[in-house]
Number of protein chains: 2
Amino acid sequence: MKSVQPPLCPMEALLRVITGPWTIYILWVLSEQGPQRFGALKRLVPGISTRVLTERLRMLEHAGVVWREQAMTIPPAVTYGLTERGAELRGVLDKLGSIARRWEAEGAFVGTASAAE
Amino acid sequence: MKSVQPPLCPMEALLRVITGPWTIYILWVLSEQGPQRFGALKRLVPGISTRVLTERLRMLEHAGVVWREQAMTIPPAVTYGLTERGAELRGVLDKLGSIARRWEAEGAFVGTASAAE
DNA sequence: GAAAGTAGGCACTTAAAAGTAACTAGATTA
DNA sequence: TAATCTAGTTACTTTTAAGTGCCTACTTTC
């Protein structure tokens, strides 16, 4: 038995890609700091577990939002960066971000969760 | 012991508002069909449980995205609709939606989950 | 010869989110 | 008199996601 879930929207699919606790943060870092290696990325997203970071990167890669480049050297070096699609996404996310900041200033998120504490 | 969670972004806060399985769907319905009463809304979002619908509406109301109007009649009649903030949100969501549709056409979400099955 | 560094994989546990179902109140209708 | 309608609430269960820690392979460095 599976949950019902709204079926239609491609939007749901997109949101399922960009949401989840750390995803936007990762995209943000890749966008601001440029392409990063796995370890560096992990350090730049403090608190994330390898497991989740790996999973998110796989998912983003699969959706074509980030690219992955593996150098077959012996301590393997893997680098991740934003694709064109990722950049495109960032455009909208920036707009969303400016709304978010304004709303925050207006106090929209006060008790919504993730407030202080 | 609490989970760490990325602290900074107001964006995370906003995304926490608009995500969750049914939220956008609800916003979409309110945007397309206009203000609706609770029961009608539930019928327009097939498969959702009262529990989740209530919770989402409370959260959206709290964030100032939807308004709630209760007529104190005896079978109580409660109506929900989009606020100005909700309309503003819809603007961006539309953009995100057009990206989503394009990406879908390009096959971005094929194995991302929520694909056919 | 031992330790460290890279990019994860795998198994196990825990916590959060969602589903399910039963229940409320008072007027109206059959 | 009993059932129905509205807009939920509450308790309980299930599902899903996330966190934690341990393990690998090979080379270079100490």
Side-chain angles (χ1 to χ4, degrees), chain A residues 1-7 12 15-26 30 35-62 66-81 112-115 117, chain B residues 1-7 12 15-26 29-30 35-62 66-81 112-114 117:
Chain A
M1 199 174 298
K2 55 196 62 173
S3 55
V4 185
Q5 235 117 322
E12 289 277 349
L15 281 165
R16 216 153 293 174
V17 168
I18 65 178
T19 56
W22 307 91
T23 317
I24 327 224
Y25 207 91
I26 296 170
L30 288 178
Q36 299 290 331
R37 291 183 49 187
F38 186 89
L41 201 46
K42 185 157 155 44
R43 259 165 265 127
L44 288 169
V45 182
I48 197 173
S49 64
T50 23
R51 193 189 174 302
V52 171
L53 180 53
T54 302
E55 186 198 301
R56 289 292 191 280
L57 287 171
R58 288 278 132 76
M59 200 235 299
L60 293 169
E61 186 197 358
H62 194 97
V66 309
W67 48 261
R68 186 189 121 109
E69 190 183 75
Q70 177 163 17
M72 287 311 240
T73 55
I74 275 304
V78 180
T79 307
Y80 295 91
T112 316
S114 84
E117 181 111 9
Chain B
M1 194 176 301
K2 57 195 63 173
S3 57
V4 185
Q5 234 118 323
E12 289 276 350
L15 281 165
R16 216 153 294 172
V17 169
I18 64 178
T19 56
W22 308 90
T23 316
I24 328 225
Y25 207 91
I26 296 170
V29 168
L30 287 179
Q36 299 290 331
R37 292 183 50 185
F38 186 89
L41 202 46
K42 185 157 155 40
R43 259 166 265 130
L44 288 169
V45 182
I48 197 172
S49 64
T50 25
R51 191 189 175 302
V52 171
L53 180 54
T54 302
E55 187 198 300
R56 290 292 191 279
L57 288 171
R58 290 278 132 75
M59 199 236 300
L60 293 170
E61 185 197 358
H62 193 96
V66 308
W67 48 261
R68 185 189 120 108
E69 191 184 74
Q70 177 163 18
M72 287 310 239
T73 54
I74 275 305
V78 181
T79 308
Y80 295 90
T112 316
S114 87
E117 178 117 6

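The sequence lines fix the lettering, A, B, ..., with proteins before strands; numbering per chain opens at 1.
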Does B/Arg68 place a side-chain N or O at less than 4.0 Å from the phosphate oxygens OP1/OP2 of D/dA7? no
Kindly say if B/Trp22 contacts the phosphate of C/dG19, meaning a side-chain N or O under 4.0 Å from OP1 or OP2. yes
Could you state the CG-P distance from A/Leu53 to C/dC10, rounded to the nearest angstrom? 17 Å
Between CZ on residue A/Arg56 and OG1 on residue A/Thr54, distance to nearest 0.5 Å: 11.0 Å
Starting the side chain at C-beta, find the nucleotide from C/dT6, D/dA18, C/dA18 nearest to B/Val52. C/dA18
Residue pair A/Phe38 / A/Thr50, side-chain heavy-atom distance below 4.5 Å: yes
Please state whether the phosphate of C/dG19, meaning OP1 or OP2, lies under 4.0 angstrom from any side-chain nitrogen or oxygen of B/Ser49. yes
Atom pair distance, as rounded to whole Å: CD in B/Glu69 and P in D/dG8: 13 Å
Hey, which of A/Val66, A/Leu53, A/Ile18 is the one that makes side chain to side chain contact (heavy atoms under 4.5 Å, CB included) with A/Ile26? A/Leu53
Nucleotide D/dG8, atom C1' - distance to OH of B/Tyr80 in whole Å: 8 Å
Interatomic distance where CG belongs to A/Leu44 and P belongs to C/dA7 [whole Å]: 13 Å
Quick one: does B/Val17's side chain get under 4.5 Å of B/Thr23's, heavy atoms only? no
Tell me whether the side-chain N/O atoms of B/Arg51 come closer than 4.0 Å to OP1 or OP2 in D/dT9. no
Value in whole Å for how far the P atom of D/dA7 lies from CD of B/Glu61: 14 Å
How many whole angstroms separate atom CD of B/Glu55 from atom P of D/dA7? 19 Å
Among the nucleotides D/dG19, C/dT6, D/dG8, which one has an atom lying closest to any side-chain atom of B/Thr50? D/dG8
Rounded distance in Å - NZ (A/Lys42) to P (D/dA18): 15 Å
Select from B/Gln70 and A/Ile74 the residue whose nearest nucleotide in DNA chain D is closer to the 5' end of that strand. B/Gln70
If you compare all heavy atoms of B/Pro76 against all heavy atoms of B/Gln70, which two are closest, and at what distance to 0.1 Å? CB-NE2, 4.2 Å
So does B/Arg58 get a side-chain nitrogen or oxygen closer than 4.0 Å to the phosphate oxygens (OP1/OP2) of D/dA7? no
For atom CZ of A/Arg56 and atom P of C/dG8, their distance in whole Å: 16 Å
